[in-house]
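One-based numbering along the sequence shown.
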Amino acid sequence: MRETRPALAETLSRIGSLIGDGRSRDDVLDVEQLSNESGVPRDVVRMLLDGEEPPAEDITDRIVRRIVHLRETRLRPDGTRHSYDEIAASYGASRASLSNLVNSRRKTPSPQTPSPQMPSRQALSRQGLSAQVPSAQVLSEQVPSQQTGERRPARSGGPLASTQAGIETFFFGQPNGWLSAEPQTSLDNALQSVLHGLEREVADPMARLRGTHGLRELAARAPQLAEEELQLVTDWIDTILQRRNAQRVRGSGSDSSHTEGH
């Protein structure tokens, strides 16, 4: 199991090495999307990306904040939030027990808890986020206790543990530690899809151009090019497409000849 802080630093270093010329980290890292996927507030995401330590946060406050976050960002197909009744019933609890937990912690938040900055439903829809999150290695992760400074398991015992497991199963299909994961672990997990995308680009240079973001980026930069430079780019794309079409035609002809021979 990778340790939390070195894992995040390693991922960010790898992303930085793969970005390449002409792009910055801001071009490939969407803070709002990372916040949506990880459950880490946007201001804390920015701090972690800059190598800073996040503010201390009571583990129960973190779990409750992320329960609220899940309801705001993982919506039903019709765009409405899942009800407390629906969520609680999925793991055999009552609506009152879940809503009381959430409301009690939201009314008296820890002074060290970062303020949640929930994205709009429209923004989440535009980004097409998936509700699936890679399993976090937080089932045995340790976090500091505010009261004693000692290390204690990230997953609380007793009723809160069953609540956490039930809610994670409802949204992700199985308990994965998402609600209680330290911010560094949560962000590292969310960054894996970015890292894998960059690795695919390196393996296949045309992947970036074929991707929607790549085409938008190319179109956005077009006004910066002189007319003859823009023509060169257009000719280059036309040449590639013509070559691709010719290969398809040859392949189709070969298949037809093979079929006729039989």
Side-chain angles (χ1 to χ4, degrees), residues 1-13 15 25 29-74 98-119 133-168 171-172 175-192 194:
M1 181 179 66
R2 301 196 305 172
E3 294 183 9
T4 298
R5 289 164 181 78
L8 177 59
E10 178 185 326
T11 297
L12 289 173
S13 176
I15 287 174
R25 196 172 68 177
L29 299 183
D30 184 327
V31 170
E32 185 171 356
Q33 182 170 338
L34 290 172
S35 176
N36 283 331
E37 292 183 357
S38 66
V40 178
R42 287 175 297 204
D43 56 338
V44 178
V45 170
R46 293 188 185 97
M47 292 176 64
L48 292 172
L49 292 177
D50 291 337
E52 301 176 24
E53 284 291 316
E57 182 178 25
D58 178 81
I59 188 171
T60 304
D61 289 340
R62 181 191 302 160
I63 290 172
V64 168
R65 179 177 56 73
R66 290 185 180 177
I67 292 172
V68 175
H69 179 86
L70 285 174
R71 290 189 69 231
E72 293 287 342
T73 60
R74 273 65 168 181
L98 179 55
S99 61
N100 287 344
L101 169 67
V102 172
N103 292 331
S104 65
R105 303 300 290 203
R106 293 180 77 184
K107 289 176 181 176
T108 56
S110 165
Q112 292 182 303
T113 302
S115 300
Q117 300 182 33
M118 298 305 171
V133 174
S135 296
Q137 297 94 359
V138 295
L139 300 182
S140 59
E141 186 175 82
Q142 301 288 308
V143 296
S145 166
Q146 278 189 312
Q147 289 76 21
T148 66
E150 298 176 352
R151 310 293 287 184
R152 59 185 173 85
R155 291 187 71 119
S156 302
L160 185 57
S162 61
T163 297
Q164 176 180 350
I167 292 173
E168 288 171 353
F171 284 102
F172 304 119
N176 61 1
W178 191 91
L179 288 173
S180 60
E182 287 191 25
Q184 293 92 336
T185 298
S186 298
L187 181 58
D188 183 59
N189 283 333
L191 286 168
Q192 294 309 304
V194 178

Nearest 0.5 Å please: distance from the CG atom of Leu34 over to the CZ atom of Arg46. 10.5 Å
What heavy-atom pair brings Pro183 and Val44 nearest, and what distance separates the two atoms? CB-CG1, 4.3 Å
With a 4.5 Å heavy-atom cut-off, do Ile59 and Leu160 have their side chains touching? no
Can you find a heavy atom in the side chain of Glu53 that is under 4.5 Å from one in the side chain of Gln184? yes
Hey, what do you get for CD1 (Ile15) to CD (Gln192), rounding to the nearest 0.5 Å? 7.5 Å
May I ask you to decide if Ala7's main-chain N or O and Thr11's side chain share a donor-acceptor pair within less than 3.5 Å? yes
From Glu37 atom CD to Trp178 atom CH2, the distance as rounded to the nearest 0.5 Å: 10.0 Å
Heavy-atom nearest pair, Arg66 first then Leu179, reads CD-O, 3.3 Å
Using only atom types and a distance under 3.5 Å, with no angle test, would you say the side chain of Arg65 pairs donor to acceptor with the backbone of Gly39? yes
Main-chain N/O of Glu57 paired to Asp61 side chain as donor or acceptor, under 3.5 Å: no
Evaluate the side-chain proximity of Ile63 to Thr163: yes if any heavy-atom separation is below 4.5 Å, no if none is. no
In this structure, CZ of Arg74 is separated from CG of Asn36 (nearest 0.5 Å) by 7.0 Å
Closest heavy-atom pair and its distance - Glu168, Ser180: OE2-N, 4.4 Å
Beyond-backbone contact of Asn189 with Ser38, side-chain heavy atoms, under 4.5 angstrom: no
Test item: Asn100 and Ser104 side chains (from C-beta on) under 4.5 Å apart, heavy atoms: no
Could you check Ile167 against Leu98 for side chain to side chain contact (heavy atoms under 4.5 Å, CB included), going step by step and ending with a plain yes or no? CA-CA 10 Å; Ile167 292 173; Leu98 179 55; 3.8 Å; yes
Below 4.0 angstrom, N of the basic side chain to O of the carboxylate: do Asp50 and Arg25 qualify? yes
Looking at every heavy atom in both Gly177 and Gln164, which two are closest together, and how far apart are they? CA-NE2, 3.9 Å
Run Phe172 and Leu70 through side chain to side chain contact (heavy atoms under 4.5 Å, CB included) and show every step you take. CA-CA 10 Å; Phe172 304 119; Leu70 285 174; 3.8 Å; yes
Given Leu12, which partner from the list Asp188, Leu191, Leu187 fulfils the side chain to side chain contact (heavy atoms under 4.5 Å, CB included) test? Leu191
